[in-house]
Amino acid sequence: SLHDALPISFVEQPESTRGYNPILLRWGKPNIINSNINEVSRFTPLNFDEIDLIKGDIEVLSAENRILNVLQKRGCGWYGIYSKIIQDNSGNNVLATTDSILTKNNIQYLAGTYGIGNQKGSFAKTKLGYFFTDPVRGYQVRRSIDGLTPINELYYGQYLIRSILTKYNDDYVKTNGAIAKMFGYYDYFEEQYVLFCQSGTLNGDTIPNNNFSFNELRNAYCSFYDFN
């Protein structure tokens, strides 16, 4: 048969070509405005950027209002979309318009050593920014126009809440065999960040379900929830 006549060859790719790069960003070509040409699915060798490896793996990408937010395990930054940061003659940062979707070597890191760690599910977008939970330092962090703010450090949650959050650096196991995680969302009606912490067991130590919220209107933790 034709199948038997044709030689079959298989060349395994070198490990280096199949490796995982935790800090690599790639993007397509831009749309051509006022045309029906869409090239966003075309990736060129030049459209990539590698960001700071010290801040760990990229865990979350979130775009809004021509800003691409980048959350790593131990840091947070952002890119301008069709824009980049340049310095004027006075040394001030200025946002300049470009024809490129993203600009290489132009990520802007936010002040503070806060990252989303292994809890990407804790990320939640808000009207002006986002919330996330840092399990390494035990902080719930708000990103707004004033930068990153550790809310449970400022609003009397550092004693009880921090001890809850840091448990999730370890792999506690739920009764169904899955790893216990933290999941967050933003309640736009009440204007509060709500976090669900799943229960689990590790080496005989058990953590319970914990569900609580931080209300932005009151600037305070207002309630623990019971969903039994």
**Study point:** Derivation and outcome, side chain to side chain contact (heavy atoms under 4.5 Å, CB included), residues Glu59 and Gln119
**Key:** CA-CA 9 Å; Glu59 295 292 327; Gln119 299 298 324; over 6 Å; no

Exercise for review: Show the numbers, then the answer: is there a side chain to side chain contact (heavy atoms under 4.5 Å, CB included) between Leu71 and Leu61?
Suggested key: CA-CA 7 Å; Leu71 282 77; Leu61 297 174; over 6 Å; no

Exercise for review: Kindly determine whether Phe214 and Arg142 satisfy side chain to side chain contact (heavy atoms under 4.5 Å, CB included), including the steps that lead there.
Suggested key: CA-CA 10 Å; Phe214 176 83; Arg142 176 176 59 196; 3.8 Å; yes

Check your understanding: After noting the C-alpha distance and the side-chain angles of Trp78 and Leu110, does the key distance pass the side chain to side chain contact (heavy atoms under 4.5 Å, CB included) rule?
Key -> CA-CA 8 Å; Trp78 60 275; Leu110 301 169; 4.0 Å; yes

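Heavy atoms only, all atoms of each residue included: Leu24 and Phe48 are closest at CD1-CD1, 3.7 Å. Closest approach of Ile116 and Pro135 over heavy atoms only: O-CD, 3.6 Å. Here the closest non-hydrogen pair linking Cys197 and Phe212 is SG-CE2, 4.2 Å. Of all heavy-atom pairs between Thr103 and Tyr79, the closest is O-CE2, 3.6 Å. The heavy-atom pair separating Leu95 from Ser83 by the smallest distance is CD1-OG, 3.7 Å. When all heavy atoms of Gly28 and Ile101 are compared, the pair lying nearest together is O-CD1, 3.3 Å.
In this structure, Lys55 forms a cation-pi arrangement with Tyr109, its terminal cationic atom sitting closer than 6.0 Å to the ring centre and no more than 45° off the ring axis. For Lys125 and Tyr186, the positive end is not near the middle of the six-membered ring at less than 6.0 Å and at most 45° from its axis.
Atom CG of Asn203 sits in a sparse spot, with 12 or fewer heavy atoms from other residues, nucleotides or ligands closer than 6.0 Å. Shown here is Leu217, whose CG atom has more than 12 heavy atoms of other residues, nucleotides or ligands within 6.0 Å.
Salt-bridge check for Glu50 with Lys104: failed, with every basic side-chain N at 4.0 Å or more from each acidic carboxylate O. Using a cut-off of 4.0 Å between Lys/Arg side-chain N and Asp/Glu carboxylate O, Asp205 and Lys167 are scored as salt-bridged.
With Asp49 contributing its side chain and Asn105 its backbone, the two residues share a donor-acceptor pair below 3.5 Å. For the pair Ser122 (side chain) and Thr133 (backbone), a donor-acceptor distance under 3.5 Å is present. The backbone N or O of Gly77 lies less than 3.5 Å from no partner atom in the side chain of Gln108, so there is not a single donor-acceptor pair. Using a distance-only test at 3.5 Å, with no hydrogens or angles considered, a donor-acceptor pair links the side chain of Tyr168 to the main chain of Gln198. Of the possible donor and acceptor atoms, none in the side chain of Ser144 sits under 3.5 Å from a partner among the backbone N and O of Asp146. Here the side chain of Asn219 pairs no donor or acceptor atom with the backbone of Ile151 at under 3.5 angstrom. Remark: side-chain polar atoms of Asp134 are not paired, donor with acceptor, to backbone N or O of Thr166 under 3.5 angstrom. A donor-acceptor pair is defined here as one N or O able to donate and one able to accept, closer than 3.5 Å; such a pair exists between the side chain of Asn209 and the backbone of Ser199. Judged purely by atom type and a 3.5 angstrom limit, Asn21 uses its side chain to pair as donor or acceptor with the backbone of Ile23.
There is a path of hydrophobic side-chain contacts, each under 4.5 Å, that joins Leu154 to Leu165. The cluster map of Ile, Leu, Val, Met, Phe, Trp and Tyr, joined by side-chain heavy atoms under 4.5 Å apart, puts Tyr221 and Met182 in the same cluster. Cluster annotation: Tyr82 is not connected to Ile86 through the hydrophobic network of ILVMFWY side chains, with a link wherever side-chain heavy atoms come within less than 4.5 Å. Both Val70 and Leu102 are assigned to one and the same hydrophobic cluster, defined by single-linkage of ILVMFWY side chains at heavy-atom distances under 4.5 Å. Both Leu148 and Ile67 are members of a single hydrophobic cluster when ILVMFWY side chains are connected at heavy-atom separations under 4.5 Å.
Between the CD1 atom in Ile51 and the CG atom in Asn106 there is a gap of 12.5 Å [rounded to 0.5 Å]. Residue Gln140 holds its CD atom at 13.0 Å from OG1 of Thr149, rounded to the nearest 0.5 Å. To the nearest 0.5 angstrom, Ile81 atom CD1 is 12.5 Å from Ser100 atom OG. To the nearest 0.5 Å, atoms CG (Leu25) and CD1 (Ile107) are separated by 7.0 Å. With rounding to the nearest 0.5 angstrom, the CG atom of Leu46 is 10.5 Å from the NZ atom of Lys29.
The closest side-chain heavy-atom distance from Gln192 to Cys222 is below 4.5 Å. Using a 4.5 Å heavy-atom threshold, the side chains of Glu153 and Tyr139 count as touching. Counting heavy atoms from C-beta on, the side chains of Tyr188 and Lys127 come closer than 4.5 Å. Within the 4.5 Å cutoff, the side chain of Thr201 has no heavy atoms near those of the Val173 side chain. Residues Tyr193 and Thr126 are not in side-chain contact: their nearest non-hydrogen atoms beyond the backbone lie 4.5 Å or more apart. Under the 4.5 Å side-chain criterion, counting only non-hydrogen atoms from C-beta, Phe224 is not in contact with Ser213. Inter-residue side-chain proximity for Asn47 and Arg26 is flagged as unmet; no heavy-atom pair is nearer than 4.5 Å. Here the side chains of Gln72 and Asp57 are not in contact, with every heavy-atom distance at 4.5 Å or above.
For an aromatic pair to be called close, the ring centres must be under 6.0 Å apart, and Tyr130 with Phe123 satisfies this.
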